[in-house]
Amino acid sequence: MKPKLFIIELWGLGDLVIASPFLRVAAEQFDVTLLAKPYALDLQPRFWPSVKVFPFIAPWTAFRNKYHLWRWPLPEMFLLLRTLAAEHFQYGFSARWDPRDHLLLKIVGAKERLGFPRIGSGVFLTRSLARPAPDAHRYESWRVAGKALGIVLPPRDQLVPPPAPKREKTILLHTGARLPARVWPLENWRALALHLRRKNYTVRVVCDPHQENWWKENGESNVACPRTVTALLSLIDRAGAMIGNCSGPGHLAAACGVPTCTIFGPSLIEWFAPLHPQAECITGRPCPYKPCSDYCYFPKAFCIQDLSEDVVWPRVEQFVQKRVPLDAVPA
């Protein structure tokens with residue numbers, strides 16, 4: 001029987017997609033259990049079908065009021081932890097230097113607990129790992145863990161995307177993000193869509209639920225607003241390219257083999273560039289506080305709010321000319 005490995009990744013969709021190369025390879029050598037947000041259940045069939053998923057929205061991953069303990073679902077949490085402890089994991093790991101994850105590894109009772117210690121959390125671990133360089137991509141944390149567990153992962157620039165099926169040549173513009181500080185203004189996205197359509201590209205706008213009315217009021221009658229990751233995947237599978245903010249959908253598109261162009265604001269390209277050899281990134285205006293973990297020091301996130309469409313359009317035009325040639329676009 002394979003040894004049991006318990007993995008914690010409780011944060012965003014993009015973080016989980018970045019973990020996917022590790023999960024896929026680890027499942028070949030271990031009986032892997034993943035504790036993650038519920039959308040992991042949407043990713044599981046396609047990306048790591050043999051991984052057992054326990055869905056859990058950790059209350060401390062909320063953007064605000066995360067430590068209002070009276071709002072925590074404590075009975076459900078205790079039941080979940082008891083169920084996980086009954087699995088008797090041989091190994092446990094979190095790729096984050098997060099003491100809360102390390103405490104969870106201890107409570108669940110994994111015999112060997114690996115992680116990157118921070119502010120004393122090494123007391124919960126049996127093996128402390130050296131963190132990657134400060135400017136390293138988040139994928140490198142999974143490579144370090146893999147090495148410690150005897151799992152070999154290729155360098156980021158040698159990752160091979162899945163074979164691209166025959167796709168439509170539609171360009172997806174995904175205008176949403178989990179946090180407002182990462183969203184390029186919708187007026188700019190609308191101007192970008194107009195530019196692309198004038199060049200005879202087929203554009204499909206995809207947005208978050210709270211943006212849908214704005215798009216319809218501004219003439220975008222065919223805007224897509226997927227409510228689930230599965231619905232988003234169905235759109236991505238028909239796309240020739242995706243342009244979007246630094247958010248989970250861009251990482252998901254890259255993992256599906258779709259070339260992406262990502263507009264970055266407060267987060268760092270070095271940490272969060274999508275894992276695709278044809279991924280391109282546009283950085284926002286410089287800020288002395290970047291990265292600010294999305295808690296902006298200013299009344300507005302000028303790093304992305306003041307990034308003009310005149311700066312972005314030439315980069316986008318070059319991107320689509322390379323990835324979605326006009327001679328392949330239906331007239």
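Source: prediction; values computed, not measured. Scope of the values below: all heavy atoms of this structure, side chains included, with no hydrogens, waters or symmetry mates. The chain is numbered in sequence order, starting from 1.
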Query raised in the report: Short question: side chain of Arg182, backbone of Ser267 - any donor-acceptor pair under 3.5 Å?
Result: no

Query - Pair Lys52 + Asp31: basic N to acidic O under 4.0 Å - result: no

Query raised in the report: Quick check: does any side chain N or O of Lys106 sit under 3.5 Å from a backbone N or O of Leu125, one acting as donor and the other as acceptor?
Result: no

Requested in this report: Before giving the answer on side-chain contact (heavy atoms from CB on, under 4.5 Å), spell out for Leu153 and Tyr139 the whole-Å C-alpha distance, their side-chain angles and the decisive distance to 0.1 Å.
Outcome: CA-CA 10 Å; Leu153 292 176; Tyr139 170 69; 3.5 Å; yes

Query - 4.5 Å side-chain heavy-atom contact, Leu186 and Asn218 - result: no

Query raised in the report: Linking I/L/V/M/F/W/Y whenever their side-chain heavy atoms sit closer than 4.5 Å, directly or via other members, would Tyr39 and Phe54 fall into one cluster?
Result: no

Query raised in the report: In terms of hydrophobic clustering (I, L, V, M, F, W, Y; side-chain heavy atoms under 4.5 Å; direct or indirect links), are Leu43 and Phe6 co-clustered?
Result: no

Query raised in the report: Quick one: which of Ile282, Leu173, Val203 gives a side-chain contact (heavy atoms from CB on, under 4.5 Å) with Ile243?
Result: Leu173

Query raised in the report: Does the side chain of Tyr201 come within less than 4.5 Å of Thr170's, by heavy atoms?
Result: no

Query raised in the report: Who are the side chain to side chain contact (heavy atoms under 4.5 Å, CB included) partners of Asp208, not counting sequence neighbours?
Result: His174, His210, Gln211

Query raised in the report: Going by the angle between their ring planes, with limits at 30° and 60°, are Trp72 and Tyr67 parallel, tilted or perpendicular?
Result: tilted

Query - N/O donor-acceptor pair under 3.5 Å between Arg131 side chain and Leu129 backbone - result: no

Query raised in the report: Should the heavy atoms of other residues, nucleotides or ligands under 6.0 Å from NZ of Lys322 be counted, would the total exceed 12?
Result: yes

Query raised in the report: Does NZ or CZ of Arg138 fall inside the cone over Trp271's six-membered ring, less than 6.0 Å from its centre and within 45° of the axis?
Result: yes

**Report entry** Student check: side-chain heavy atoms of Ser247 and Arg178 closer than 4.5 Å
**Finding:** no

Query - Lys300 and Asp306: CA distance, side-chain angles, deciding distance, salt bridge (charged side-chain N to carboxylate O under 4.0 Å, His left out) verdict - result: CA-CA 9 Å; Lys300 72 171 185 176; Asp306 291 351; 2.7 Å; yes

Requested in this report: Please confirm whether Phe298 and Tyr289 have ring centers closer than 6.0 angstrom.
Outcome: yes

Requested in this report: Might you point out which heavy atoms bring Phe264 and Cys281 nearest each other, and give the distance in Å?
Outcome: CE1-SG, 3.6 Å

Query raised in the report: Would you find a donor on one side and an acceptor on the other, under 3.5 Å apart, between the side chain of His68 and the backbone of Trp70?
Result: no

Query - Thr126 versus Lys111, side-chain donor and acceptor atoms under 3.5 Å - result: no

Query raised in the report: Would Arg156 and Glu140 count as a salt bridge (charged side-chain N to carboxylate O under 4.0 Å, His left out) if you check the C-alpha gap in whole Å, the side-chain angles of each, and the deciding distance to 0.1 Å?
Result: CA-CA 8 Å; Arg156 181 165 64 99; Glu140 291 303 313; 5.5 Å; no

Requested in this report: Following the transitive rule for hydrophobic clusters with a side-chain heavy-atom cut-off under 4.5 Å over Ile, Leu, Val, Met, Phe, Trp and Tyr, establish whether Ile8 and Ile57 coincide in one cluster.
Outcome: no

**Report entry** All side chain to side chain contact (heavy atoms under 4.5 Å, CB included) counterparts of Ala241, not counting sequence neighbours
**Finding:** Phe319, Val324

Query raised in the report: Would Arg96 and Glu9 pass as an ion pair if we require N to O under 4.0 Å?
Result: yes

Query raised in the report: Are Leu16 and Leu34 close enough that some pair of their side-chain heavy atoms sits under 4.5 Å apart?
Result: yes

**Report entry** Considering all heavy atoms, the nearest Ala181-Ile304 contact
**Finding:** O-CG2, 3.4 Å

Query raised in the report: Can any side-chain N or O of Asn245 pair as donor or acceptor with the backbone N or O of Ile263 at less than 3.5 Å?
Result: no

Query - Pair Asp237-Arg46, salt bridge (charged side-chain N to carboxylate O under 4.0 Å, His left out): steps then yes or no - result: CA-CA 12 Å; Asp237 284 340; Arg46 177 178 299 205; 2.6 Å; yes

Query raised in the report: Going from CH2 on Trp313 to CG on Leu194, what distance comes out if it is rounded to the nearest 0.5 angstrom?
Result: 10.5 Å

Query raised in the report: Cation over ring, Arg190 on Trp215, under 6.0 Å and within 45°?
Result: no

Report summary line: Nearest heavy-atom approach of Phe56 to Leu10 is CD2-CD2, 3.9 Å

Query - Close side-chain approach of Cys207 to Glu220, heavy-atom, < 4.5 Å - result: no

Query raised in the report: Does Glu212 come within less than 4.0 Å of Lys216, counting only side-chain N to carboxylate O?
Result: yes

Requested in this report: Supply the atom-to-atom distance Trp184 CH2 to Ser308 OG, rounded to the nearest 0.5 angstrom.
Outcome: 8.0 Å

Requested in this report: Kindly compute the distance separating CG (Leu23) from CD (Glu28), expressed to the nearest 0.5 Å.
Outcome: 12.0 Å

Requested in this report: Give the minimum heavy-atom separation between Thr260 and Gly250, together with the two atoms involved.
Outcome: CG2-O, 3.6 Å

Query raised in the report: So, the side chain of His137 versus the backbone of Ala273: is there a donor-acceptor pair under 3.5 Å, distance only?
Result: yes

Query raised in the report: For the atom pair CG (Asp157) and CG (Leu275), what is the distance rounded to the nearest 0.5 Å?
Result: 11.0 Å

**Report entry** Atom pair CD/OG of Gln44 and Ser20 - distance to nearest 0.5 Å
**Finding:** 11.5 Å

Report summary line: Between Ala26 and Leu5 the two heavy atoms that sit nearest each other are CB-CD2, 4.2 Å

Requested in this report: Supply the atom-to-atom distance Lys290 NZ to Cys303 SG, rounded to the nearest 0.5 angstrom.
Outcome: 5.0 Å

Query - Closest non-hydrogen atom pair, Ala110 against Arg113 - result: O-NH1, 2.8 Å

Query raised in the report: Sequence neighbours excluded, which residues qualify as side chain to side chain donor-acceptor pair (under 3.5 Å) partners of Thr230?
Result: Asp42

**Report entry** Trace of the side-chain contact (heavy atoms from CB on, under 4.5 Å) decision for Thr33 with Lys4
**Finding:** CA-CA 8 Å; Thr33 295; Lys4 290 187 173 184; over 6 Å; no

Query raised in the report: Taking C-beta and beyond as the side chain, do Thr175 and Val206 meet within less than 4.5 Å on heavy atoms?
Result: no

Query raised in the report: So, Arg118 and Asp101, do they make that salt bridge, N to O below 4.0 Å?
Result: no

Requested in this report: For the pair Arg24 (side chain) and Ala19 (backbone), establish whether a donor and an acceptor sit closer than 3.5 Å, ignoring hydrogens and angles.
Outcome: no

Query raised in the report: Quick check, are the ring centers of Tyr91 and Phe30 under 6.0 angstrom apart?
Result: yes

Requested in this report: Go through the steps for Phe93 and Trp142 under the test ring-ring contact (aromatic ring centres under 6.0 Å, His included), then give the verdict.
Outcome: CA-CA 10 Å; Phe93 173 70; Trp142 295 102; 5.6 Å; yes

Query raised in the report: Would Val17 and Val25 show up in the same hydrophobic cluster when neighbours are defined by side-chain heavy atoms closer than 4.5 Å?
Result: yes

Query raised in the report: Backbone N or O of Ser234 within a donor-acceptor pair of the Arg238 side chain at under 3.5 Å?
Result: yes

Requested in this report: Please answer whether the main-chain N or O of Ala27 pairs with a side-chain N or O of Lys2 as donor and acceptor at a distance below 3.5 Å.
Outcome: yes

Query raised in the report: Under a single-linkage definition using a 4.5 Å side-chain heavy-atom cutoff for Ile, Leu, Val, Met, Phe, Trp and Tyr, are Phe22 and Phe89 assigned to the same hydrophobic cluster?
Result: no

Query raised in the report: Just by modelled atom types, is the Trp11 backbone N or O under 3.5 Å from a matching donor or acceptor in the Asp15 side chain?
Result: no

